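Here the structure is a predicted model, which is why all the values come from computation and not from measurement.
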Amino acid sequence: MDNLKQTPLNAEHRALGAKMVDFGGWDMPVQYTSIIDEHVAVRTRCGMFDVSHMGEIWVEGPQALDLVQFLSSNDASKLALHQIQYSGLLTPQGCFVDDMLVHKDADDRYLLVVNASNTDKDFAWILSQAKGFDAKATNASPVTAQIALQGPKSLEILQPFVTGLDLAPIKYYWYGYGTVLGERCLIARTGYTGEDGFEVYLSPQSAPALWRALLEAGKPHGLVPAGLGARDTLRLEACMALYGNDIDDTTTVLDADLGWILKLGKPGPFNGRSVLEKQKAEGTARKLVAFELTERGIPRHGFECFAGGQKVGMVTSGTQAPFLKKPLGMAYLPVSLSEAGTAFEVDIRGKKVAAKVVPKPHYKRSK
Amino acid sequence: MNIPSDLKYTKSHEWIRVEGNVGTAGITDFAQQELGDIVFVEAPAQGSAVAAGAPMGSVESVKAVSEINAPASGTVSAVNADLTDHPELLNADPYGKGWILKITFANTGELSGLMDAAAYAAYVAESAH
């Protein structure tokens, strides 16, 4: 408990009886009642998450776009006003300092949303890279709270609290500004669950009131508060990468099978470009794949993968999936073993359990 | 929290109901609450030998794996087959339908080393702080 950081909603979680854990230095709710129930609520109704621990970094100035382009793998010049893209914050080796969402707020202003436990590292990295650019970076994380509503009922539950912004026409990975409880808020149609939903960025002072109001108004729609346990199983079913598990500063964008966020055709230099151009031309040795177990067991992060008696890779994320109801995960395997249908084995505490590569993602919502 | 008075308990949060030279064992209400949703149970095969205090299987929740230790030494005389398809019985009814196995004791004398309900309640209260 010592020195753990708290979000402005900490007292709400405790009042709800949440089980709290140390998550990268933050005192966060892992579950309120049951990971399975919270997970299923998001898939079928609505779950509300406190994601105030996430990092918000603003990049502003005449060369804001140039700096974002230099830092990231995706092509931010393709963004329209209030459009969002998933991107990699890259090392010069083409690996991940972090993964992030890039929001275009104006021609000279971008919002980068990064992982909570990486925020300080990311901000220091961005400052170190910003020299020579006419742009400044600001870490707004301490003054920004974030509440995510995820699930098919999210729009219906959130809209009555928003004035000046019609949520229905906002497309996935776009955002707008509306007034919530008297405060102007950024409301984005994004999330980390594979479900439709919204992320509301607001001041820490307003967060508890909105949390309580949504909890109350959402009840008739089946809304439940959902913790980091469900957030992890939801994102894994949707095959969204988790920094520190599936990607880190030793995995390249191409290793992670995230070629769709690598835009080598964009103009100008950027961190990792030469390494990634070479890797693209020569091919990668390994690839992040989705897999299922075909025998009984549960795969977990760090378990080794075997084929033909040889160690060939490692499970990066694994669980018994609460909605799909089967043991599944993601793993790094040699490219030669990465085709869907390929059989391999996962070593579960000394026992080899049969697995097979499957297409990504494990779960895709029906539109 | 439910701690039935007619059972014996281990420090690793297993319970055992002693009936003559056979005991029925499982994990306690406290253990299932700590673990959360249980999705997988691995018990030793019928006929295998288990040793008091040594790992004999595992219980997995969505988030974590927990070893289960044998509360007593002996031979596994029955295993709860319902847990294969319904591991959630450990959450719903840890002392009833969520029983894990039966052990035919090798030495009933070692049972005196287990805690009774009052001692286990005090132990849980202490470890919760």
Check whether Lys19(A) gets within reach of chain B through its side chain, its backbone, both or neither, counting any heavy atom under 4.5 Å.
-> side chain
Chain A contacts: which residues in residues 38-59 of chain B have a non-hydrogen atom closer than 4.5 Å to it?
-> Val39(B), Phe40(B), Val41(B), Glu42(B), Ser58(B)
Largest heavy-atom contact set with chain A, pairs under 4.5 Å, which of Lys63(B), Glu88(B), Glu60(B) | Glu60(B)
So which bits of residues 290-307 of chain A come within less than 4.5 Å of chain B, counting non-hydrogen atoms only?
-> Arg296(A), Gly297(A), Ile298(A), Arg300(A)
Output for pair (Ile36(A) CD1, Asn91(B) CG), nearest 0.5 Å, gives 7.5 Å
Where Ile35(A) and Val62(B) come nearest, the two heavy atoms and their spacing | CG2-CG1, 3.8 Å
If one checks every heavy atom of Ser34(A) against chain B at 4.5 Å, the contacting part turns out to be both
Which atoms of Gln33(B) come close to chain A, meaning under 4.5 Å heavy atom to heavy atom: side chain ones, backbone ones, both, or neither?
-> backbone
Just wondering, are more than 12 heavy atoms of other shown residues or ligands nearer than 6.0 Å to NZ in Lys153(A)?
-> no
